[in-house]
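Note sheet for the following structure.
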Amino acid sequence: MVKICCIGAGYVGGPTMAVIALKCPSIEVAVVDISVPRISAWNSDQLPIYEPGLDEVVKQCRGKNLFFSTDVEKHVFEADIVFVSVNTPTKTRGLGAGKAADLTYWESAARMIADVSKSDKIVVEKSTVPVKTAEAIEKILTHNSKGINYQILSNPEFLAEGTAIQDLFHPDRVLIGGRETPEGNKAVQTLKAVYAHWVSDDRILTTNLWSAELSKLAANAFLAQRISSVNAMSALCEATGADVTEVAYAVGKDTRIGPKFLNASVGFGGSCFQKDILNLVYICECNGLPEVAEYWKQVIKINDYQKSRFVNRLVASMFNTVANKKIAILGFAFKKDTGDTRETPAIDVCQGLLGDKAQLSIYDPQVTEDQIQRDLSMNKFDWDHPLHLQPTSPTTVKKVQAVWDAYTAAKDAHAVCILTEWDEFKTLDYKKIYDSMQKPAFLFDGRNVVDANKMREIGFIVYSIGKPLDAWLKDMPAIA
Ligand SMILES: NC(=O)c1ccc[n+]([C@@H]2O[C@H](COP(=O)([O-])OP(=O)(O)OC[C@H]3O[C@@H](n4cnc5c(N)ncnc54)[C@H](O)[C@@H]3O)[C@@H](O)[C@H]2O)c1
Ligand SMILES: O=c1ccn([C@@H]2O[C@H](COP(=O)(O)OP(=O)(O)O[C@H]3O[C@H](CO)[C@@H](O)[C@H](O)[C@H]3O)[C@@H](O)[C@H]2O)c(=O)[nH]1
């Protein structure tokens, strides 16, 4: 029986391995992690991450051919294929701080593989890594090889949170990069055979190592660039009276452009886009390509602009002050159908409002008060380290309260702010919400989930990203 071990039981390692186990009953899959609470949660009924469909997949395989364990060394020792899906956060100190990927966790995983292995192994990069990382990993492994043959493959993951299981069941493509040698090709074919259990041949792409590594960074950069493009347009729409939804629809009808990923928003979030673009920028700079680096940096600058533009619009329209005003925040996760808050635009918006001394009442169906407090008091990039290495008792942000329903959040508030596009926010009783609020009652829709005209009929003063402005807002300056 082929044995797979995955180091890192996170948002990628957990779901990816669960789906491999489900689709390949003849393969034994062990997912290992240094975090004891995370592994305990994977072995319980309360999985450590919320992802639609994940529970069912795990329940079908756990204890049969899918195992979660903290015995990292044992499972690596036994495995034929070792996936590495550990954190690759942005460096916060030293060379490349604020841009380069921190490969500490990757390096320690590679050294551990070298220490415990007694048989040949295929080592698969599942984490998103800088191009040429495989070369560094190869060096670590071969310098300690004791005659063992290692083949390094790059097999980046393209799943999106909230749709991870569907993405894994029906991937647009699986990408496998390897060395262009007979041993390298053999390793590529071995990994291809795993995915071939459920992915058709034309969707499994094989390339050289560097193309695979770079394609992952490039794909995220292209996706994020689309959002920054439509968000840049949203500012111009507000200035001119155009409607960004209509513009995006008209633009996306061009089959060369396509309709997806053109929703204007308060900004993109998530653990990947910003981190991976910063990493790309750093790689460009290191390769003497400052113009290319500048081009991609702009995608992040527009994203930051969009978040601060939203806060400024909000404060400006509320008589230029939100001091001690209660503001209801609906949605804290970085997108719907996930409890993940890494780099969520809600952090920047809330911090902006707290900077203006607002009182926040936050509701998100999947995010706990503890998480919100941690996020609002943590330093930038701290969130992307393993849980047990994050600050344990962050300072409580006093002006923030988390509640368990939207109506409680909105009661007596001066404004409601929608920051995540949860489906339930479309069908709330906004008349009831309006009646319970201070007047004038403001609604700031950072995701364009409500019908602005209906909200105006109820009595709200409404701001929706990229939509024609209310007379009230037109008179207010909104300089980012
Ligand atoms: N989250 C996503 O949607 C997504 C999608 C595609 C790619 N990626 C990439 O995949 C990688 C992992 O992302 P994630 O979201 O799963 O992160 P995560 O923080 O959810 O999981 C990483 C896990 O690795 C563990 N870990 C770290 N060092 C370890 C070690 N030496 N030994 C054993 N376990 C160790 C941590 O405890 C943690 O549980 C990153 O490079 C990320 O960029 C993420
Ligand atoms: O039209 C859009 C689409 C998305 N977003 C926002 O963009 C962010 C990222 O969304 P999405 O890409 O759907 O989720 P992620 O889980 O971050 O997935 C991205 O990052 C992963 C990690 O690398 C990749 O594997 C995926 O392919 C890539 O889509 C979220 O804040 C969304 O709200 C918008 O504002 N407008």
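Nothing fancy with the numbering, it's 1 onward along the sequence. Note that these values count all heavy atoms, side chains included, but never hydrogens, waters or copies made by symmetry. Both counts, for ligands and for their atoms, begin at 1 and track the order of listing.
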Taking 4.0 Å as the limit for heavy-atom contacts, which would you say applies to [X] with ligand 1: side chain only, backbone only, both, or neither?
X: S127; answer: both
X: C272; answer: side chain
X: I49; answer: neither
X: R342; answer: side chain

Is the F444 ring parallel, tilted or perpendicular to the F442 ring (thresholds 30°, 60°)?
parallel
What distance do [X] atom [atom1] and [Y] atom [atom2] have between them, rounded to the nearest 0.5 Å?
X: R309; Y: I465; atom1: CZ; atom2: CD1; result: 5.5 Å
X: E135; Y: R179; atom1: CD; atom2: CZ; result: 6.0 Å
X: L103; Y: I137; atom1: CG; atom2: CD1; result: 7.0 Å
X: I4; Y: I20; atom1: CD1; atom2: CD1; result: 5.0 Å

Within 6.0 angstrom of [X] [atom1], more than 12 heavy atoms from elsewhere:
X: K260; atom1: NZ; result: no
X: E73; atom1: CD; result: no
X: F158; atom1: CZ; result: yes
X: M112; atom1: CE; result: yes

Show me which atoms of ligand 1 lie under 4.0 Å from any heavy atom of [X].
X: K275; value: 41 (O), 42 (C), 43 (O)
X: T88; value: 40 (C), 41 (O), 43 (O)
X: E161; value: 1 (N), 2 (C), 3 (O)
X: G10; value: 16 (O), 18 (P), 20 (O), 21 (O)
X: S271; value: 1 (N)
X: K216; value: 6 (C)

Given [options], which one has a non-hydrogen atom that is nearest to [atom]?
atom: atom 18 (O) of ligand 2; options: S265, A160, P171; answer: A160
atom: atom 39 (O) of ligand 1; options: D33, I7, N87; answer: D33
atom: atom 33 (O) of ligand 2; options: R447, E421, K335; answer: R447

What is the nearest protein non-hydrogen atom to [atom], stated with its residue, atom name and distance?
atom: atom 16 (O) of ligand 2; value: E161 N, 2.8 Å
atom: atom 29 (O) of ligand 2; value: L223 CD1, 3.8 Å
atom: atom 22 (C) of ligand 2; value: C272 SG, 2.4 Å
atom: atom 36 (N) of ligand 2; value: N263 O, 2.9 Å
atom: atom 17 (O) of ligand 2; value: F334 CE1, 3.4 Å
atom: atom 19 (C) of ligand 2; value: F273 CE2, 3.5 Å
atom: atom 27 (O) of ligand 2; value: F158 O, 2.7 Å
atom: atom 12 (O) of ligand 2; value: F261 CZ, 3.1 Å

Between ligand 1 and M112, can you find any atom pair, the residue atom being a heavy atom, that is separated by under 4.0 Å?
no
Below 4.0 angstrom from a heavy atom of [X], which ligand 2 atoms are there? Numbered from 1 as shown, please.
X: N220; answer: 20 (O), 22 (C), 23 (O), 24 (C), 28 (C)
X: E157; answer: 25 (O)
X: L262; answer: 1 (O)
X: K216; answer: 22 (C), 23 (O), 24 (C), 25 (O)

With respect to [X], determine whether any N or O atom, backbone or side chain, lies less than 3.5 Å from an N or O atom of ligand 1.
X: V12; result: yes
X: D276; result: no
X: K126; result: no
X: S108; result: yes

Among residues at least two apart in sequence or on other chains, which ones pass ring-ring contact (aromatic ring centres under 6.0 Å, His included) with F334?
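Testing F334 for ring-ring contact (aromatic ring centres under 6.0 Å, His included), a comparison that skips the adjacent residues, returns none.
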Would you check if V31 and L66 make a side-chain contact, meaning some heavy-atom pair closer than 4.5 Å?
yes
For residues Y105 and T88, determine if any side-chain heavy atom of one lies less than 4.5 Å from a side-chain heavy atom of the other.
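Answer no - side chains too far apart.
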Electrostatic pair D304:K301 at N-O distance under 4.0 angstrom:
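No salt bridge links D304 with K301.
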Indicate yes or no: does E421 engage K336 in a salt bridge with an N to O separation below 4.0 Å.
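The answer is no: the pair does not qualify as a salt bridge.
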For ligand 2, note which part of T163 has a heavy atom under 4.0 Å away: side chain, backbone, both or neither.
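T163 to ligand 2: no contact under 4.0 Å from either part.
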Return yes or no for this condition: an N or O of [X] is under 3.5 Å from an N or O of ligand 2.
X: L159; answer: yes
X: G269; answer: yes
X: G270; answer: no
X: I227; answer: no
X: T128; answer: no

So if I apply the side chain to side chain contact (heavy atoms under 4.5 Å, CB included) rule between P171 and each of I204, V199, V19, which one comes out positive?
V199
Return the minimal non-hydrogen interatomic distance between I7 and V76, and the atom names on each side.
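Result for this residue pair: CD1-CG2, 3.9 Å.
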Run the numbers on L217 and I283 for side-chain contact (heavy atoms from CB on, under 4.5 Å), then give the verdict.
CA-CA 10 Å; L217 296 179; I283 295 168; 3.7 Å; yes
Pairwise side chain to side chain donor-acceptor pair (under 3.5 Å) hits with a residue in residues 40-61, at least two apart:
none
Can you check whether K132's main-chain N or O pairs, donor with acceptor, with E213's side chain at less than 3.5 Å?
yes
Looking only at atom types and distance, does a side-chain atom of D80 sit under 3.5 Å from a main-chain N or O of K3, one as donor and one as acceptor?
yes
